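Every chain is numbered from 1 and lettered A, B, ... according to where its sequence line falls, protein lines coming before strand lines. Bear in mind that the values here come from a model prediction, so they are computed numbers and not experimental data.
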There are 2 protein chains.
Amino acid sequence: MGNSELQDTLKSYFPILKEGSLNDIVKHSSYLKSTKGTKLISEGKRHHYIYLIVKGSVKSYYSKESKEVCVWFSLENEIIGTTSTIQGDASKETIELLEDSELIKLNIEKIKELAQTDLSISNLLNNLWKEHATFLEERLYQLQFMNSHERYKVLIKDTPEILQRVSLTDIASFLGVSRETLSRIRAKK
Amino acid sequence: MGNSELQDTLKSYFPILKEGSLNDIVKHSSYLKSTKGTKLISEGKRHHYIYLIVKGSVKSYYSKESKEVCVWFSLENEIIGTTSTIQGDASKETIELLEDSELIKLNIEKIKELAQTDLSISNLLNNLWKEHATFLEERLYQLQFMNSHERYKVLIKDTPEILQRVSLTDIASFLGVSRETLSRIRAKK
DNA sequence: GTAATTTTGTGACATTTGTCAAATGAAATC
DNA sequence: GATTTCATTTGACAAATGTCACAAAATTAC
């Protein structure tokens, strides 16, 4: 992917950005391909990038005592990163590729710097935070209000592709149940 | 609370704001006292305000079939609102005063408008979103990773004041357990 | 294609939690 | 201070879920 292609892609994702601001961001971005299993962000480490998934899929998870709990999955056309990374802290989560993927890597440190003086970039970050918060609230709602059967139904209704592309082990932890319980939920339908 | 007092208070909460930007916000803010049980924001309705708690406490909850599930509590010195309200949609949650309270009411519609052209306000909104997202992630982590005993322990460790000022019924739904289960958790300690 | 490995499903049982009913305790009202 | 009302606790039981062990299926490696 050439530089002008990169620009075109980012432009379509960030339509509210002014031309000059977009250029500034492109300067701190790069295209990359990476293989399944690659960790874009590792728990406990400081990172300086967020990513746009051009092709492929990723999971984000916390781990404790060799157990993993998935926080979210992302497929094509989504912006991903961890809140702790964006705040400049060591990441609390790990982000790992579930498939061979194509990504655009954006230097969030630089973008945050730009946002200090660039209104259009600051507004862009606002939008990203807003979307992320909305996602998290929806997830909390589901965990607090729905039982595991209902949460599974919502998942297959809203993002059926996840079922095809993510292991049931990961989906189970995402839904907040054991692998076996998810198996039984699926058997009943 | 006079206008200059209002200005001083808001200044201490939003130190990153430039003087002029602060003035613009003060113009769309007002001080108010309100009694326990008052709903600042009602589920299903459009609202245009966020609030700063000067004194008092509030809960935010979803309701379904006459059951309430608490999403969060706030005490003094916190900014509160609902994501749906801020986005201009009908609110998904209800925000209700748990005690007689003193508040500063800020017109979020106007603030958002200002943020379109005012960098310092846009950056302020970014900070607020960031804090909110961090809170939500921490909560998700606790719900996915800890059992109810552990979640209760975290609550009494991090915000013991909540125990004194919020009913156990509300706390139970916040922790994601029934009232009776919370009673038993407490009995065991 | 076969073997090895990983993922998913199933059974049996223990544990946790929810639910309903009733009892106790605390707070508000008169 | 007695009474009413509301909040919290406790008991008994049912339902849901976790855990462990193993079987079946699917995937990967050879």
Inset, instruction - Just call it for A:Ser178: base, sugar-phosphate, or nothing, with non-hydrogen atoms closer than 4.0 Å on any strand. - result: base

Legend entry - Expected output: side-chain A:Thr159 to main-chain A:Ile162 donor-acceptor under 3.5 Å: no

Inset, instruction - Could you tell me the separation between the CD atom of B:Glu180 and the P atom of D:dT10, rounded to a whole number of Å? - result: 12 Å

Inset, instruction - Round to a whole Å and report the spacing from CG of B:Asn147 to P of D:dG18. - result: 12 Å

Inset, instruction - Nearest whole angstrom, please: distance from the C1' of D:dT17 to the CD1 of A:Ile185. - result: 9 Å

Inset, instruction - Starting from P on C:dA23, measure out to CZ on B:Arg179 and report it in whole angstrom. - result: 16 Å

Inset, instruction - Starting from P on D:dG18, measure out to CE on B:Met146 and report it in whole angstrom. - result: 18 Å

Legend entry - 5' precedence on DNA chain D between A:Lys67 and B:Thr169 (nearest-nucleotide basis): B:Thr169

Inset, instruction - Please report, rounded to the nearest Å, how far the C1' atom of D:dG18 is from the CG atom of A:Leu175. - result: 16 Å

Legend entry - Mutual orientation of the aromatic rings belonging to B:Phe73 and B:Phe174 [parallel < 30°, tilted 30-60°, perpendicular > 60°]: tilted

Inset, instruction - Answer yes or no: side-chain N or O of B:Arg184 and base N or O of D:dG11 forming a donor-acceptor pair under 3.5 Å. - result: yes

Legend entry - Test: B:Arg165 and B:Glu99 ion pair at under 4.0 Å: yes

Legend entry - Closest listed nucleotide, where the reference is the side chain of B:His149 and the choices are C:dT8, C:dT17, D:dT17: C:dT17

Inset, instruction - Indicate whether OP1 or OP2 belonging to D:dA16 is found under 4.0 Å from a side-chain N or O atom of A:Ser148. - result: no

Inset, instruction - Verify the contact: side-chain N or O of A:Thr181 to OP1 or OP2 of D:dA16, cut-off strictly under 4.0 Å; return yes or no. - result: no

Inset, instruction - Flag this pair as yes if the NZ/CZ of A:Lys105 is under 6.0 angstrom from the six-membered ring centre of A:Tyr49 and inside a 45 degree cone about the axis; otherwise no. - result: yes

Inset, instruction - Determine, for B:Lys59 against B:Asp170, whether the closest basic-nitrogen to carboxylate-oxygen distance falls under 4.0 angstrom. - result: yes

Inset, instruction - Figure out the CG/P separation between B:Leu182 and D:dT9, and round it to whole Å. - result: 7 Å

Inset, instruction - Please state how far atom CG in A:Leu168 lies from atom C1' in D:dA24, giving the value in whole angstrom units. - result: 15 Å

